[in-house]
Amino acid sequence: MLGTCFRVADKFLIKENMNTQTMTTEAKDTKKTIRISGSEAVVRSLIAEGVDILYGYPGGAIMPVYDELYKFQDEIHHVLSRHEQGATHSAQGYARISGKVGVAIATSGPGATNLITGIADAQIDSTPMVCITGQVPSHLLGSDAFQETDIVGISTPVTKWNHQVTKASEIPAVIAKAFYIAKSGRPGPVLIDITKDAQFEEFDYSYEKCTGVRSYVPVPKTDPETLKAAAELINNAKKPLVVWGQGVILSKAEEAFKAVIEKAGIPSAWTIMGASAIPTSHPLNVGMVGMHGNYAPNVLTNECDVLIAIGMRFDDRVTGKLDEYARQAKVVHFEIDPAEIDKNVKTDVAVLGDAKASLEALLPLLNENTHTEWHQKFKDLYAIEFEKVIKNDLHPTKEGLTMGEVLNEINTQTKGEAAIVTDVGQHQMIACRYADFNVTKSNITSGGLGTMGFGLPAAIGAKMAAPEREVVSISGDGGYQMTIQELGTIFQQKAAVKVVVLNNEFLGMVRQWQQLFFDKRYASTEMTNPDFVAIAKGYYLNAKRVTKREELADAVAEMIASEEAYFLEVCVEKEDNVFPMVPSGASVSEIRLE
């Protein structure tokens, strides 16, 4: 369905693409207008929203906007990605580390469809992003014109909102609304599709940021009674456990969260998206939950008497077998999105609202506690995991290098203050398990969608958003080759990303499953790789390969000391596995250590 926008009194009534409800946004005083083209309106509107960097790839249907970007290049910096998917991941990395809305732009047809993987990734991981696509002229819509695709229809299932613009006068209100929706409440991606004739058409332009949309309630009102009920359960608990997710970071609730768990003395575990909300070394941080999480929080999930979920959605990789997940516990769920309540796990108390506001209101209702005996159980199970898994990962006696010891060396040399951007696979789980996260927004990864190829372009966006931070991209040899062309973006932009590839010559995570569950039938998972160092040098990057343990420390030191981008390939054991592991379909208490 095409979106339409028209002026009634002093409001714009915008017909939704995704449903037939009408929503409003305030229009600016029309006395202060300038007559400009739709394409110039796009660029001026982005600047008005505070966009300083955007990522994209030009083409015919979006060329008028690119012409305006050329004129405004002193105010807004366009980054030429080497693939539209790379543009979306860079926008995600930018958003995740900055807290701002990431922006990606592409032409119609294949340019637009190449954005979809990144948009879907942003949707499931709640990343604020606005994508702008060009479209064929409006009179050709539906005619199968050259490079025409129904990107509104294609993107509807994976966007928070989308809209097609066919008139230039629609552009300011639609862009204002897009940014408001993308960043408000539970964040997510928005797509705006603009026909080429709308980009050329002139109109009287003015701009005002959107501050509300009819029928859209981004932050539900918190019921004080639910806070009291939650506090009562927590205060009376003998064996409470907190599991927190990215909602703590998105709501900037880190300090409030830390105050709550410290006052109540509650052991607290994290999903991979929640990592870094509190430092890894915090005494109440008991590790990661989920398929490759730590032994203690997984096992003790099925022993706690009150489970407090904060800003997480009970993903299947966290819960394992649902009908055996925390059945003995009362469940308290702090959540901004009502759709997540009771979706997977039945809650006893649901506290709707912004996590920061809810936790600040909860704090005075809590009793001080320590739960000393309960904490000892976590320490006892950690000791078992250390002997069976962690010691061998971080301090191996075997000849070959392990992924764990590479992460350990990076920890040492960055003091746990680097932003770690990972691809997807074994290296991702190792990085989440062993990286020290001493600064919030330090774990940037593809969680819900599990997008191979995410790491390298996302690291570019993260570094450009936070140039003062050390940004280390960690990939496997498989995922790295899915977006390896973004080395060209690093070179052209002079983005000082440190790129680490842990090369085991396998699609490691799939190979691990084939070993454990398919009798070592390694079907299409062994990789015959190119000379990664030569390729990096072909992009004019400093590069080195490490094959021996005694080379590792110096190579990592050289990489971190570099003021420019640096590529480091580390050849690791080919058939190492990531443990602990909750087998697919098993309960979290059935987690395997070997």
Asks: So do the side chains of Val136 and Lys196 get within less than 4.5 Å of each other, counting heavy atoms only?
Replies: no
Asks: Return the CG to CD1 distance between Asn443 and Ile249, rounded to the nearest 0.5 Å.
Replies: 8.0 Å
Asks: Would you mind reporting whether Ile490 and Val499 have side-chain heavy atoms less than 4.5 Å apart?
Replies: yes
Asks: Hey, does the side chain of Ser276 reach the backbone of Lys441 with a donor-acceptor pair shorter than 3.5 angstrom?
Replies: yes
Asks: What's the shortest heavy-atom distance between Thr483 and Gly453, and which atoms?
Replies: OG1-O, 2.8 Å
Asks: Using only atom types and a distance under 3.5 Å, with no angle test, would you say the side chain of Lys498 pairs donor to acceptor with the backbone of Met559?
Replies: yes
Asks: Run the side-chain contact (heavy atoms from CB on, under 4.5 Å) check on Gln73 and His78 step by step: do they pass?
Replies: CA-CA 7 Å; Gln73 59 188 293; His78 176 269; over 6 Å; no
Asks: Crowded around Lys537 NZ? As in, over 12 foreign heavy atoms under 6.0 Å?
Replies: no
Asks: If we check side-chain contact (heavy atoms from CB on, under 4.5 Å) with Thr195, which of these qualifies: Val165, Leu141, Leu140?
Replies: Leu141
Asks: Do the non-hydrogen side-chain atoms of Cys131 and Ile119 ever get within less than 4.5 Å of each other?
Replies: yes
Asks: Between Cys432 and Phe437, what is the shortest heavy-atom contact and its length?
Replies: O-CE1, 4.1 Å
Asks: Heavy atoms, side chains only, cut-off 4.5 Å: are Ile116 and Ile151 in contact?
Replies: yes
Asks: So does Glu563 have more than 12 non-hydrogen atoms from other groups sitting under 6.0 Å from CD?
Replies: no
Asks: For the pair Glu68 (side chain) and Pro64 (backbone), establish whether a donor and an acceptor sit closer than 3.5 Å, ignoring hydrogens and angles.
Replies: no
Asks: What are the two closest non-hydrogen atoms of Ser138 and Asp197, and how far apart are they?
Replies: OG-OD2, 2.5 Å
Asks: Where the side chain of Asp121 meets the backbone of Leu449, is there a donor-acceptor pair that is under 3.5 Å apart?
Replies: no
Asks: Below 4.5 Å, heavy atoms only, C-beta onward: do Val65 and Ile132 meet side chain to side chain?
Replies: no
Asks: Is the shortest heavy-atom distance from the side chain of Phe179 to the side chain of Ser45 under 4.5 Å?
Replies: no
Asks: Can you check whether Pro110's main-chain N or O pairs, donor with acceptor, with Thr113's side chain at less than 3.5 Å?
Replies: yes
Asks: Determine, stepwise, if the pair Ile474 / Val406 fulfils side-chain contact (heavy atoms from CB on, under 4.5 Å).
Replies: CA-CA 10 Å; Ile474 299 176; Val406 179; over 6 Å; no
Asks: Apply ring-ring contact (aromatic ring centres under 6.0 Å, His included) to residues Tyr480 and Phe532 and explain how you reach the verdict.
Replies: CA-CA 10 Å; Tyr480 175 65; Phe532 290 127; 5.5 Å; yes
Asks: For Glu486 and Thr489, which I'm curious about, is there any donor-acceptor pair between the side chains at under 3.5 Å?
Replies: yes
Asks: Report yes or no: do Thr414 and Glu470 form a side-chain donor-acceptor pair below 3.5 Å?
Replies: no
Asks: Distance alone, cut at 3.5 Å: any donor-acceptor contact between the side chains of Gln426 and Asn504?
Replies: yes
Asks: Classify the angle between the aromatic ring planes of Trp270 and Trp244 as parallel (below 30°), tilted (30 to 60°) or perpendicular (above 60°).
Replies: tilted
Asks: For the OG atom of Ser169 and the CD atom of Glu201, what is their distance to the nearest 0.5 Å?
Replies: 6.5 Å
Asks: Can you name the nearest heavy-atom pair linking Leu115 to Ala106, along with the distance?
Replies: CD1-CB, 3.9 Å
Asks: Ignoring hydrogens and angles, tell me if any N or O in the side chain of Asp477 forms a donor-acceptor pair with the backbone of Asn503 under 3.5 Å.
Replies: no
Asks: Measure across Cys210 and Ala176 and return the closest heavy-atom pair with its distance rounded to 0.1 Å.
Replies: CB-O, 3.4 Å
Asks: Starting at CD1 of Ile53, measure out to CG of Leu46 and round the result to the nearest 0.5 Å.
Replies: 13.0 Å
Asks: With distance as the sole test, does Arg82 use its side chain to make a donor-acceptor pair with the main-chain N or O of Gly488 at under 3.5 Å?
Replies: yes
Asks: Side chains of Ile460 and Gln493, heavy atoms from C-beta outward: is any pair under 4.5 Å?
Replies: no
Asks: Roughly how far apart are Leu541 CG and Leu487 CG, rounded to 0.5 Å?
Replies: 5.5 Å
Asks: Side chains of Arg469 and Ser442: is there a donor and an acceptor less than 3.5 Å apart?
Replies: yes
Asks: Within a reach of under 6.0 Å around NZ of Lys183, are more than 12 heavy atoms found that belong to other residues, nucleotides or ligands?
Replies: yes
Asks: Quick one: do Phe72 and Arg44 satisfy side-chain contact (heavy atoms from CB on, under 4.5 Å)? Show the steps, please.
Replies: CA-CA 9 Å; Phe72 284 86; Arg44 287 184 178 272; 3.9 Å; yes
Asks: For the OG atom of Ser446 and the CZ atom of Arg96, what is their distance to the nearest 0.5 Å?
Replies: 8.0 Å
Asks: Run the side-chain contact (heavy atoms from CB on, under 4.5 Å) test on Gln123 and Lys160 for me, step by step, so that the C-alpha distance in whole Å, both residues' side-chain angles and the decisive distance to 0.1 Å come before the verdict.
Replies: CA-CA 7 Å; Gln123 174 80 339; Lys160 193 175 176 184; 4.1 Å; yes
Asks: State, to 0.1 Å, how close Gly86 and Ser81 come at their nearest heavy-atom pair, and which atoms those are.
Replies: C-OG, 4.1 Å
Asks: Between Asp125 and Thr127, is any side-chain donor less than 3.5 angstrom from a side-chain acceptor?
Replies: no
Asks: Report yes if the distance between the aromatic ring centroids of Phe491 and Tyr540 is under 6.0 Å, otherwise no.
Replies: yes
Asks: Would you say Thr159's side chain and Pro189's backbone share a donor-acceptor pair under 3.5 angstrom?
Replies: no
Asks: Does any part of the side chain of Ser108, heavy atoms only, come nearer than 4.5 Å to the side chain of Glu148, both counted from C-beta?
Replies: no
Asks: Between Thr445 (side chain only) and Gly447 (backbone N and O only), is there a donor and an acceptor less than 3.5 Å apart?
Replies: no
Asks: Working to the nearest 0.5 angstrom, can you tell me the gap between Asp423 CG and Phe454 CZ?
Replies: 8.5 Å
Asks: Can you list every side-chain hydrogen bond (donor to acceptor under 3.5 Å, both in side chains) pair that touches residues 48-58, not counting sequence neighbours?
Replies: Glu49-Tyr207, Asp52-Tyr94
Asks: Taking Gln135 for the side chain and Thr166 for the main chain, is one N or O donor matched with an acceptor at less than 3.5 Å?
Replies: no
